[in-house]
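Quick note on labels: first sequence line is chain A, next is B, and so on, each numbered from 1.
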Amino acid sequence: MPNPKRSGKPARKSFSREVPFSKLEKKWTKEWGDSGAYEPNRKTAKKPYYNLMMFPYPSAEGLHVGNAYAFIGSDVYGRFKRLQGNDVFEPIGLDGFGIHSENYAIKKGVHPAQQAKVSEKNFYRQLQTIGNGFSWNERLETYDPEYYKWTQWLFVQMWRHGLAYRKKQSVNWCPSCKTVLADEQVIAGECERCGTKVEKRELEQWFFKITKYAEELLKDLDKMDWAEKVKVAQRNWIGKSVGALISFPVHGKLRNIEVFTTRPDTIFGATYLVLAPEHKIVETLKKEAGNEQEIDKYIAVSAKKAESERIAEKKTKTGVELKGVKAVNPANGQEIPIYIADYVVAAYGTGAIMAVPAHDERDFEFAKKFGLTIKTVVSPEKDASASSAPREAFSGDGYLVNSGKFNGRWSEEAKADLVDHVGGKKVSTYRLRDWLISRQRYWGPPIPMIYCEACAAANKGENKEMPGWYAVPEKDLPVKLPMVKDFRPTGSGRSPLSSVESFYKTKCPVCGGKARRETDVSDTFLDSSWYYLRYPNLGMKESKAAVAQNSGTKKTVKLVELPWNAEVTKKWLPVDMYIGGAEHAVLHLLYTRFVAMALNDWGFVGFREPFKVFRAHGLLIKEGAKMSKSKGNVVNPDEYIKKYGADAVRMYLMFLAPLEQGGDWRDAGIMGVVRFLNRAWNIGNGDLAKQKSLSKWLHPSIKKITDDFASLHYNTVISELMIILNRFEKEGAGEKDFKAFLQILSPLAPFLTEELWEKSGEKYSIHRSAWPKFDPKAAEDETVELVIQVNGKVRGRITVSKGLSQNEAQDTAMEIEAVREQVTGRVIRKVIYVPDKILNFVV
RNA sequence: GCCCGGGUGGCGGAAUGGUAUACGCGGAGGACUUAAAAUCCUCUGUCCUCACGGACUUGUGGGUUCGAGUCCCACCCCGGGCACCA
């Protein structure tokens, strides 16, 4: 085989030494579009494979290289799957509704709708340049009325099925965004979007009952093929605790305070009760207490406290006693005081706790501060004489003391009996709260609800508990977001739409009288909670499903349209591979699971979990630091694509590290893959030796590369490709070998490989060709390298035929001088022989 | 505080309990060139040695093993999640 010339002059004059990437990009982008290369037939596809990447919000600064990184990572996988014979569907769209886009528009002083058009165009253009095999025909934008019509429809279904409700409660309020936020959008007391400290406000808001699915959302995780860290985050967020409900009678009248505890075994040590300031019974009890004013003051102060203040306070406990009112410990009949303190969370458990200062750190702090009794009831030693006051809370397990007939028993084991003893009930509670869905903003789908005062007065409505409220009938959707001049958030607790009369004035769908529309819009995460369902169904005929409707007094069942086609949905869903950021663990990924479960319960879809496999891509940083505009170290992918080509940018990004780990971008490093591509280009344009079949040495590489693509270890795919190319240059490339090389390179460098594939006379397109098969038999070698060690240290290597006997191996090894030196004069105590691998003398 | 990841050359990173540092970047030297860039070739963990060669090395300290980056125990550091949730 002729060695390619490496003298500094081109091997042939008919082509450039460098890949003419812009020419190739132009040519093949057009060709792929014209031929529908990435548009599977959604009705007839034989091996449907839904490969999805979280759709981006179109920030107006354009496509961030972090976006490009994730999208390319997802596309490489999609292309790999396509070459394995799957009909890959890889749609793209924009999550353009929401606070983020709106804030940007405000900053620029343009209307969000106008900004959306500009961003959309720019974003799609940029996404086009990265060479992904998107199914461009099935695009969607969440702000398109054709899309949000169905987002509103989803809200209506939540309402009709009893999962949407309106309630006044203390909620998170971002003073900068001037809207309420879901718990999931508050990160360490700060707004997820703008980082402003979140306040508490008592407001009436719309919620979705995600808590109804808490147990299933938790349990399914065990069997899901999802990135482990996301599963862990969801488990933490759902926060299941197994414990008991126990009633404490309040002295004097027939009343009880019910508490939730995970430590019923410590009940003999419960020396006081604590109520959350918002607990309902406080209203009644404070009137009987002698210090109502003091109590009211405390409640007012703690209500105003921001989340961040509470976190900062932590150990400093505050509270106030309900003087003159006492409770009874049901375990021993002792009278105990009742306190109100904001270290007890109203929305968790029952909003009331039994305090066991000896065995709970928080209760201990509180008891010390207020001089309350600290009674030890669990001891690490069996016959402990716990006389002196403990210096700190002991929260471990141990033997019960001071606990009547339970004394001496192991705490953990006695739990159930103690629950029975006081007539308690074993229950589980969850930290998960219902999803706060309404936002006092403009740029979102108006919540499709109507309030009729006349019906409310007559106690009429679709939901008994919420008279006067009606869903906008499905046939009237969408409720279009009006184009208004003043779209800025008001800060009054109401959306800007609340002052747009032409919008909110409407008729009651039941009595026909004057009525008012809901003027809040829904959370962006509702838009994205079902988009994956819409993609494969764009342009398909919508199916229908039966839904019970309750119009005021009479109940009927109606057929309503679904935003999808039943057959297409059955064929393509759930999503086979979903890739996205782990930052959505308890936002998008949890909401979406909840919505899917609800849709399944209503009989609208045939699955409960929307994403079969989820993988979280890592974070892309630059030279060890996070990219940010203020640091001025943001990599603009456009610039590099222009300079080095999309193939090079794709490969470099994927070469940095495993996709799930993230990567560290360094400008200098990209030259490595640029050289690689140029060298491949040169070989492909040179003379290739004729070949009957693939070289033996290529088979193990194909195997490795196939496995590494499947596990998203693209970095080692690339290193292996480099090793192959190095060998081609050294030994000359065979025609069959090189074509296989192009195929396994094609997911990473789609343009160059398509061009060289065409040049080689192969049929269009390489991206629909059949993946080269790894043949274990063809890969077999007769000889192997055996490593010789003495006391575990390498002293030599010998090439031997496979399956050599130990005796033969030992004899051969002894011919090595270094081995003889080490062994001579010493007794060989043991010889470890792993055939075809290692021979170790122990002396 | 609790729960996940992770700690390997100057850098990004490779390594089913069996050759640590693959692949690439960067660096040094050389070839080509009037010169530079590009390209190609050689070397490149640390220490000792003119060299041959040897010793050491995967955050730290122990342990298991013929053999540990990999398994076990304790600890330190970095990144992320949760956090007054009873």
With rounding to whole Å, what would you report as the distance between C50(B) and U57(B) at their P atoms?
-> 24 Å
Nearest-Å distance, CG (Asp667(A)) to P (G12(B))?
-> 16 Å
Would you kindly check whether a donor in the side chain of Asn840(A) faces an acceptor in the base of C66(B), or vice versa, at under 3.5 angstrom?
-> yes
Could I get a table of every N or O pair under 3.5 Å where one atom is in the protein and the other is in nucleotides 21-28 of chain B?
residue : atom : partner   : partner atom : Å
G24(B)  : OP1  : Asn726(A) : ND2          : 3.3
C25(B)  : OP1  : Arg675(A) : NH1          : 2.4

Between Pro658(A) and Ser241(A), who's closer to the 5' end of RNA chain B by nearest nucleotide?
-> Pro658(A)
Taking atom P in both C78(B) and C84(B), compute the distance separating them and give it to the nearest angstrom.
-> 23 Å
Taking the six-membered ring of Tyr430(A), is NZ or CZ of Lys240(A) closer than 6.0 Å to its centre and within 45° of its axis?
-> no
What residues, two or more places apart in sequence or in another chain, satisfy side chain to side chain contact (heavy atoms under 4.5 Å, CB included) together with Gln234(A)?
-> Leu221(A), Trp226(A), Val230(A), Leu589(A), Leu590(A), Arg593(A)
Would Asp225(A) and Arg615(A) count as a salt bridge (Lys or Arg N to Asp or Glu O under 4.0 Å) if you check the C-alpha gap in whole Å, the side-chain angles of each, and the deciding distance to 0.1 Å?
-> CA-CA 9 Å; Asp225(A) 184 3; Arg615(A) 295 286 178 266; 2.8 Å; yes
Nucleotide of G18(B), C84(B), G12(B) approaching Leu656(A) most closely (side-chain heavy atoms) = G12(B)
Using the P atom as the reference point in each nucleotide, state the distance between C43(B) and U49(B) in Å, no decimals.
-> 24 Å
Between the protein and nucleotides 55-59 of chain B, list the N/O to N/O atom pairs that are separated by less than 3.5 angstrom.
residue : atom : partner   : partner atom : Å
C56(B)  : OP2  : Lys793(A) : NZ           : 2.7

Would you mind telling me which of U19(B), A86(B), C82(B) lies closest to the side-chain atoms of Val794(A)?
-> U19(B)
Passing option when Tyr652(A) is tested against Tyr644(A), Trp665(A), Phe676(A) for ring-ring contact (aromatic ring centres under 6.0 Å, His included) = Trp665(A)
Hey, which sits more toward the 5' end of RNA chain B by its nearest nucleotide, Ala657(A) or Lys240(A)?
-> Ala657(A)
Partner of C50(B) under the Watson-Crick or G-U wobble criteria, both distances under 3.5 Å, comes out as none
In whole Å, what separates the P atom of A15(B) from that of A22(B)?
-> 13 Å
Return the set of residues passing side chain to side chain contact (heavy atoms under 4.5 Å, CB included) with Ala352(A) (not counting sequence neighbours), or none when no residue passes.
-> Ile257(A), Val259(A), Leu275(A), His279(A), Thr350(A)
For G6(B), take OP1 and OP2 only and decide whether either is under 4.0 Å from a side-chain N or O of Gln661(A).
-> no
Sequence-distant partners of Glu720(A), salt bridge (charged side-chain N to carboxylate O under 4.0 Å, His left out), two or more places apart | none
For Lys704(A), which of Asp708(A), Thr706(A), Asp707(A) qualifies under side chain to side chain donor-acceptor pair (under 3.5 Å)?
-> Asp708(A)
Residues in salt bridge (charged side-chain N to carboxylate O under 4.0 Å, His left out) with Arg431(A), at least two apart?
-> none
Among G12(B), C82(B), G18(B), the nucleotide that comes nearest once only the side chain of Ile832(A) is considered = G18(B)
